[in-house]
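For reference, the structure is listed below as structure tokens.
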Amino acid sequence: MTILDNYKKIKDNIKNNYPENDPVIIAVSKTFNLDYIYPLIKYGHKHFGENKVQEAVAKWSDYKRENSDIKLHMIGKLQSNKAKDAFKLFDYIHSLDNQKLALKLKNLEQNSNKRLKYFIQVNLGDEEQKSGISINELSDFQNYCKLDIGLNVIGLMCIPPQHEGTSKYFAEISKLNSHYGFNHLSMGMTSDYKEALKYKSTYLRIGSAIFGSRY
Ligand SMILES: *Cc1c(COP(=O)(O)O)cnc(C)c1O
């Protein structure tokens with residue numbers, strides 16, 4: 001199976017089993033180089049995800065300068081001191097999770113014509129090792145981002161706890177997402193994207209099912 005076969009299989013699967021959904025597939029290309037990814041770009045796929053700013057800048061900067069239709073998604077933890085580089089390269093940030101970062105991004109927007117789209121990452125299981133805002137801080141934080149500083153937040157994002165049933169987390173965040181009036185929802189990876197579609201995910205972040213194992 002080539003990466004293109006893998007990709008088409010996922011597309012078909014979604015079309016056949018979830019005909020109501022029309023999610024964006026973010027092809028998570030972290031650790032893979034551009035040559036390897038290229039068949040998918042050539043096929044016409046536009047959305048790619050990375051989790052490290054430095055790697056993404058090295059990989060994509062030149063290519064994106066010539067191909068502005070490529071949309072890049074920052075899906076990993078974003079340190080404030082990398083916000084500037086991230087802002088320049090990415091179109092979407094899925095990991096907005098603290099005020100300092102939000103304000104930094106707002107300042108960058110004010111000094112530029114560029115506007116990004118944002119997801120607020122929620123730490124559903126309150127897992128210490130995972131980033132994301134906890135549910136009890138979410139109400140204030142989303143108000144701050146949307147109303148106080150005016151970032152274009154389009155939805156919530158989550159990475160549910162690994163060793164438990166994901167459905168209850170997907171159900172919970174889907175409900176919160178509607179509650180706050182967001183139109184988009186970023187959830188679902190290789191292992192659980194089908195489940196995520198049942199809970200109205202609109203942005204799937206799929207890596208290994210397309211590109212193969214990273215290790
Ligand atoms: C790596 C990564 C993915 C993709 O994971 P796969 O299991 O390979 O599909 C999705 N979301 C985030 C935040 C990631 O870091």
Side-chain angles (χ1 to χ4, degrees), residues 21-24 26 28 47 49-51 53 71-161 164 166-189 192-193 195-205:
N21 303 48
D22 188 18
V24 174
I26 302 167
V28 177
H47 291 264
E50 295 285 341
N51 71 338
V53 176
K71 301 296 174 203
L72 294 181
H73 297 253
M74 175 57 184
I75 61 171
K77 172 79 184 166
L78 180 55
Q79 307 291 348
S80 296
N81 62 4
K82 303 250 172 71
K84 193 172 176 185
D85 288 339
F87 178 77
K88 275 194 249 167
L89 181 69
F90 288 99
D91 301 286
Y92 295 75
I93 307 275
H94 291 243
S95 45
L96 193 60
D97 70 353
N98 68 80
Q99 288 203 2
K100 186 179 167 200
L101 175 64
L103 193 56
K104 194 134 186 189
L105 289 161
K106 180 61 190 180
N107 289 335
L108 288 160
E109 289 196 351
Q110 280 171 331
N111 295 311
S112 139
N113 293 322
K114 188 174 179 185
R115 298 288 176 270
L116 305 192
K117 295 191 175 98
Y118 300 93
F119 288 93
I120 292 174
Q121 183 173 354
V122 183
N123 187 350
L124 281 178
D126 264 324
E127 296 175 287
E128 255 179 51
Q129 75 280 17
K130 274 189 195 152
S131 41
I133 192 114
S134 65
I135 288 183
N136 54 26
E137 294 169 294
L138 177 60
S139 175
D140 286 348
F141 184 61
Q142 63 89 34
N143 264 324
Y144 175 77
C145 293
K146 287 195 305 195
L147 304 177
D148 296 356
I149 63 172
L151 291 180
N152 185 17
V153 180
I154 63 170
L156 302 178
M157 177 275 212
C158 75
I159 309 170
E164 298 169 57
T166 44
S167 339
K168 77 167 182 170
Y169 294 104
F170 285 163
E172 187 179 6
I173 198 161
S174 190
K175 203 167 140 203
L176 285 167
N177 210 60
S178 308
H179 173 75
Y180 291 117
F182 293 124
N183 294 319
H184 291 284
L185 181 54
S186 167
M187 65 185 191
M189 314 180 12
D192 55 16
Y193 77 89
E195 193 66 18
L197 286 170
K198 294 182 193 155
Y199 296 95
K200 299 188 279 192
S201 174
T202 62
Y203 284 78
L204 308 173
R205 310 178 309 263

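Residue numbers start at 1 and run along the sequence shown. On a predicted model such as this, the values are computed, not experimentally measured, just so you know.
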field: For Cys145 against Val153, the heavy-atom pair lying closest together
entry: CB-CG2, 3.8 Å

- prompt: Who are the side chain to side chain donor-acceptor pair (under 3.5 Å) partners of Glu137, not counting sequence neighbours?
  reply: Ser134

message: Thr202: which residues meet the side chain to side chain donor-acceptor pair (under 3.5 Å) condition with it, sequence neighbours left out?
response: His184

- prompt: Please walk me through it: do Glu172 and Ile135 pass side-chain contact (heavy atoms from CB on, under 4.5 Å)?
  reply: CA-CA 10 Å; Glu172 187 179 6; Ile135 288 183; 3.2 Å; yes

message: To the nearest 0.5 Å, what is the distance between NZ on Lys200 and CD1 on Ile173?
response: 13.0 Å

query: Would you say Leu151 and Glu109 make side-chain contact, with heavy atoms under 4.5 Å?
result: yes

- line: side chain to side chain donor-acceptor pair (under 3.5 Å) filter on Lys146, not counting sequence neighbours, yields Gln142

Sequence-distant partners of Ser167, side-chain contact (heavy atoms from CB on, under 4.5 Å), two or more places apart: Glu195, Tyr199

query: Considering residues, nucleotides and ligands other than Lys84, do more than 12 of their heavy atoms fall under 6.0 Å from its NZ?
result: no

field: Qualifying ring-ring contact (aromatic ring centres under 6.0 Å, His included) pairs with a residue from residues 129-157, counting only residues at least two apart or across chains
entry: none

query: Do any pairs count as a salt bridge (Lys or Arg N to Asp or Glu O under 4.0 Å) and have a residue in residues 88-104, sequence neighbours left out, and if so which ones?
result: Lys64-Asp91, Lys77-Asp97

statement: Nearest heavy-atom contact between Ser201 and Asn21 is O-ND2, 4.3 Å

query: Among all residues two or more places apart in sequence or in another chain, which pass the salt bridge (charged side-chain N to carboxylate O under 4.0 Å, His left out) test with Asp192?
result: none

message: Run the side-chain contact (heavy atoms from CB on, under 4.5 Å) test against Asn152 and tell me which residues pass, sequence neighbours left out.
response: Lys117, Ile154

- line: Residues passing the side chain to side chain donor-acceptor pair (under 3.5 Å) test with Gln121, sequence neighbours excluded, are none

message: Can you list everything that forms a ring pair (Phe, Tyr, Trp, His ring centres under 6.0 Å) with Phe90? Sequence neighbours excluded, please.
response: none

message: Does Lys198 qualify as a cation-pi partner of Phe170, given the criterion of NZ or CZ under 6.0 Å from the six-membered ring centre and within 45 degrees of its axis?
response: no

- prompt: Going by the ring-ring contact (aromatic ring centres under 6.0 Å, His included) test, which pairs reach into residues 102-134, not counting sequence neighbours?
  reply: His94-Phe119, Phe119-Tyr203

query: Around Lys175, counting heavy atoms of other residues, nucleotides and ligands shown, do more than 12 lie under 6.0 Å from its NZ?
result: no

query: More than 12 heavy atoms of other residues, nucleotides or ligands under 6.0 Å from CG of Asp22: is that the case?
result: no

- prompt: Which value, rounded to the nearest 0.5 Å, describes the distance between Ser186 atom OG and Ile75 atom CD1?
  reply: 8.0 Å

